[in-house]
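Comments concern the structure below.
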Protein chains: 4
Amino acid sequence: MKLSEKKMKRKKEQILRSAIKVVNNKGYVKATMEEIAAELLMTKGSLYYYFKNKSDLIFQCHRFILSDAVKDLETVLKHGEGSTSEILQQMVAIHIDYAVDEKDTFNLIMEPKNLFNNEQIDLVLNLRKQYENLFDQIIKRGIETGEFKTRDQTIARMIILGAMNWIQQWYSPAGRLSKEELVETYTDYILKILK
Amino acid sequence: MKLSEKKMKRKKEQILRSAIKVVNNKGYVKATMEEIAAELLMTKGSLYYYFKNKSDLIFQCHRFILSDAVKDLETVLKHGEGSTSEILQQMVAIHIDYAVDEKDTFNLIMEPKNLFNNEQIDLVLNLRKQYENLFDQIIKRGIETGEFKTRDQTIARMIILGAMNWIQQWYSPAGRLSKEELVETYTDYILKILK
Amino acid sequence: MKLSEKKMKRKKEQILRSAIKVVNNKGYVKATMEEIAAELLMTKGSLYYYFKNKSDLIFQCHRFILSDAVKDLETVLKHGEGSTSEILQQMVAIHIDYAVDEKDTFNLIMEPKNLFNNEQIDLVLNLRKQYENLFDQIIKRGIETGEFKTRDQTIARMIILGAMNWIQQWYSPAGRLSKEELVETYTDYILKILK
Amino acid sequence: MKLSEKKMKRKKEQILRSAIKVVNNKGYVKATMEEIAAELLMTKGSLYYYFKNKSDLIFQCHRFILSDAVKDLETVLKHGEGSTSEILQQMVAIHIDYAVDEKDTFNLIMEPKNLFNNEQIDLVLNLRKQYENLFDQIIKRGIETGEFKTRDQTIARMIILGAMNWIQQWYSPAGRLSKEELVETYTDYILKILK
DNA sequence: CATGAATGAGTGTTCATTCAT
DNA sequence: AATGAATGAACACTCATTCAT
């Protein structure tokens with residue numbers, strides 16, 4: 001019982017990984033079930049054993065990655081050490097890690113959702129809100145400790161997220177900047193926004 | 001000759017306008033030649049008299065909008081009055097206008113380009129560079145006048161562009177903020193980055 | 001204008017004829033768009049130029065045949081000469097003609113309709129009612145003239161229709177009975193029911 | 001041996017019952033192996049231990065129901081009490097019961113058989129003949145006792161069967177007529193045919 | 001110039017069937 | 001005896017593209 005369930009879960013994850021890859025290379029419309037399956041040496045028919053729909057599969061991809069990122073951020077937010085600014089820097093590092101390492105994957109964050117049904121949309125929006133909320137929390141904490149101040153907190157957060165999401169459009173680890181330098185510079189600018 | 005050429009040009013522009021509308025509504029993958037033609041009371045077959053491809057048509061849309069935006073920015077940059085900060089504010093206003101009004105067509109900036117052939121990609125990348133360059137110019141001007149200073153100018157510009165491009169992911173003119181307020185707040189934060 | 005419309009109509013009818021043939025040979029579920037198209041040396045894609053759906057196409061088939069039959073029956077009912085019994089006999093002849101000559105075609109009458117959408121179902125049920133109603137009319141007329149009498153008119157009509165629809169399950173023109181004999185014998189029995 | 005054979009038989013019957021249910025609800029084309037199995041808390045793969053094919057399974061359903069009906073009719077025919085007319089009425093009741101309760105499975109009688117292979121078709125046709133023959137017998141008996149008379153016995157029987165089979169196209173137990181009234185009225189009319 | 005008509009490659013989805021365990 | 005998993009053939013439907021008229 002437990003065994004077969006684990007197997008199922010592992011397979012689902014494999015498929016998700018493959019789907020994430022393909023979806024983010026081609027966009028979710030051009031990503032075909034065939035290609036997603038092919039990468040795993042399966043036939044597209046088999047995918048339907050694990051996922052109800054293409055829509056469902058894509059949705060799970062989104063959810064999967066986002067959940068992971070949320071978990072990482074939460075850990076830092078709760079157990080991270082140092083000043084609020086230092087914790088913020090760690091969060092920026094996490095976001096940039098996802099955006100750069102899992103490039104295609106994380107890109108999902110900013111894609112539209114004409115494919116999701118209402119139920120799914122709700123869940124996605126919730127996850128996104130959760131994600132944004134983590135940055136809201138750190139900002140609020142900074143304000144409370146007197147480290148930060150903002151004119152309009154929502155917009156400040158949007159600016160920060162936008163700036164970070166844009167990274168994957170241009171940054172290459174092979175380029176002029178190391179990831180560490182990138183994180184540092186970004187944090188620097190972000191702190192300017194919050195001060 | 002000249003006459004028929006002008007007619008052709010006018011027709012092409014009509015088609016582009018229609019295509020832009022549809023693309024902005026449905027995204028370029030779901031935008032069908034049929035719908036683009038229908039809006040003009042034509043049949044899709046006719047489109048092929050003016051454009052080689054759907055790919056070509058979409059590309060021209062992108063180019064059209066981007067050129068427009070570049071022109072607008074250039075005008076402000078050259079003839080705009082006021083301090084560098086004030087000119088920057090006008091540029092932010094222009095960008096936000098395009099991002100909000102021309103949603104998906106403008107959005108193409110940040111989307112992959114599995115649709116464009118190499119020739120087209122080069123042209124698009126050039127346009128993008130031109131676009132970015134205009135923001136580089138205003139930053140440089142600010143530094144020369146002593147109004148701005150940056151730790152890393154490229155990254156500063158990336159942060160600014162990223163922040164602005166993100167707007168279309170969340171901003172609705174029907175929401176809490178008017179476009180004017182949005183522009184003002186954004187400029188405010190952007191200036192913080194540059195000071 | 002008028003010309004192309006006529007062409008369209010003619011083509012639609014051709015497709016309907018083909019569809020009727022295939023549908024009634026294989027049943028509407030096993031009838032494929034491909035096969036329907038193949039018979040006309042078309043590709044299945046083309047069918048969608050004329051019909052929105054498989055469901056739509058099948059529906060039009062049903063409607064097409066049923067309308068024809070209704071028209072024929074109405075003609076006899078209104079302009080037929082002779083006693084009510086004699087007119088009934090002509091109606092029986094028409095029904096049997098459809099059932100035997102257009103065997104597969106007419107069979108549609110008795111097939112379920114899990115395929116039709118609500119709008120279509122309404123129309124189909126209406127047509128069926130119209131068809132049944134024609135037999136109701138002749139029965140009523142017979143009762144008024146004193147030629148017929150019934151215990152339960154609805155059931156009488158159902159028995160008559162059922163008996164006639166069953167013919168295509170067993171009758172072959174190549175068999176023992178000519179169509180004329182068949183009609184005569186059937187009418188004979190039907191009159192027994194109505195007397 | 002004997003024991004496991006009995007187990008096998010019992011299981012087969014369980015499956016048939018489930019299949020019959022599903023087929024009656026969805027029609028045999030839309031009835032899926034999955035659904036048939038699910039009702040029994042099995043997986044569809046297991047069905048293939050008991051039945052070679054879906055075709056085979058469906059065929060056995062048909063056979064099962066038809067055999068049952070034949071048995072019931074035979075019982076009445078041999079041991080039924082009362083006049084020939086009264087026995088006929090009981091047979092009509094049986095037929096109507098099957099037609100109404102076992103809708104689609106029983107309906108198979110009058111559907112084409114693109115699903116059955118030649119071997120199966122022969123068996124089905126034989127069963128049908130057996131079924132029809134039982135009605136022939138009662139008619140013949142009526143003629144011998146002087147209760148009935150017919151112009152053409154085969155056609156008379158066809159009319160009676162057709163009328164009865166049609167019932168499932170329109171009758172609903174929830175409607176105006178109870179099943180008892182239906183039986184009585186039908187018998188009444190059928191007797192008119194036979195007199 | 002424009003269109004009506006046709007095409008064909010592609011795509012998601014379903015489902016009977018198989019088979020190792 | 002049963003199952004989990006995979007397969008592959010089939011099918012409806014879409015749409016960019018073509019071309020004779």
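Hydrogens, waters and symmetry mates play no part in the numbers below; they use all other heavy atoms, side chains included. Labels below follow one simple rule: chain letters A, B, ... track the order of the sequence lines, proteins then strands, and each chain is numbered from 1.
Looking at residues two or more places apart in sequence or on another chain, you find no ring pair (Phe, Tyr, Trp, His ring centres under 6.0 Å) involving A:Phe51. A:Asp122 meets the salt bridge (Lys or Arg N to Asp or Glu O under 4.0 Å) test with no other residue; sequence neighbours excluded. By the side-chain contact (heavy atoms from CB on, under 4.5 Å) test, C:Asn117 pairs with C:Glu119, C:Gln120, sequence neighbours left out. Partners of D:Lys44 according to the side-chain contact (heavy atoms from CB on, under 4.5 Å) rule, which considers only residues two or more places apart in sequence or in another chain, are D:Met33, D:Glu34, D:Ala37. Applying the side-chain contact (heavy atoms from CB on, under 4.5 Å) criterion to D:Lys52, with sequence neighbours excluded, gives D:Asp56. For A:Glu39, the salt bridge (Lys or Arg N to Asp or Glu O under 4.0 Å) partners two or more places apart in sequence, or in a different chain, are A:Lys21. With sequence neighbours left out, the side-chain contact (heavy atoms from CB on, under 4.5 Å) criterion links C:Gln14 to C:Lys11, C:Leu40.
Separating the CG atom of A:Leu41 from the P atom of F:dA6 is a distance of 12 Å, rounded to the nearest angstrom. One can place NZ of A:Lys6 at 18 Å from P of F:dG4, the figure rounded to the nearest angstrom. Between the CG atom of A:Leu47 and the P atom of F:dG4 there is a distance of 19 Å, rounded to whole Å. With rounding to whole Å, A:Glu5 atom CD is found 16 Å from F:dT3 atom P. The distance between atom NZ of A:Lys12 and atom C1' of F:dA5, rounded to the nearest whole Å, is 14 Å. Atom P of nucleotide F:dA16 and atom CZ of B:Phe59 are separated by 19 Å, given to the nearest angstrom. To the nearest angstrom, P of E:dG12 lies 14 Å from OH of A:Tyr28. Atom P of nucleotide F:dA6 and atom CG of A:Leu40 are separated by 10 Å, given to the nearest angstrom.
Ring planes of C:His62 and C:Phe116: parallel class, angle under 30° (limits at 30 and 60°).
Between D:Tyr49 and F:dA2 there is no side-chain N or O to OP1 or OP2 distance below 4.0 Å. Remark: D:Lys7 is not in phosphate contact with F:dA1, judged by side-chain N or O atoms under 4.0 Å from OP1 or OP2.
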| Once each nucleotide of nucleotides 16-21 of chain E is scored for protein heavy atoms under 4.0 Å, what B/S/- sequence comes out, 5' to 3'? | BBB---
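If you check every strand for non-hydrogen atoms under 4.0 Å, A:Tyr50 touches sugar and phosphate atoms only.
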| query | Dot-bracket, DNA chain F: Watson-Crick or G-U, under 3.5 angstrom, [ ] crossing, | other strand? | reply | .||||||||||||||||||||
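Without hydrogens or angle criteria, B:Ser67 side chain to B:Arg63 main chain gives a donor-acceptor distance under 3.5 Å.
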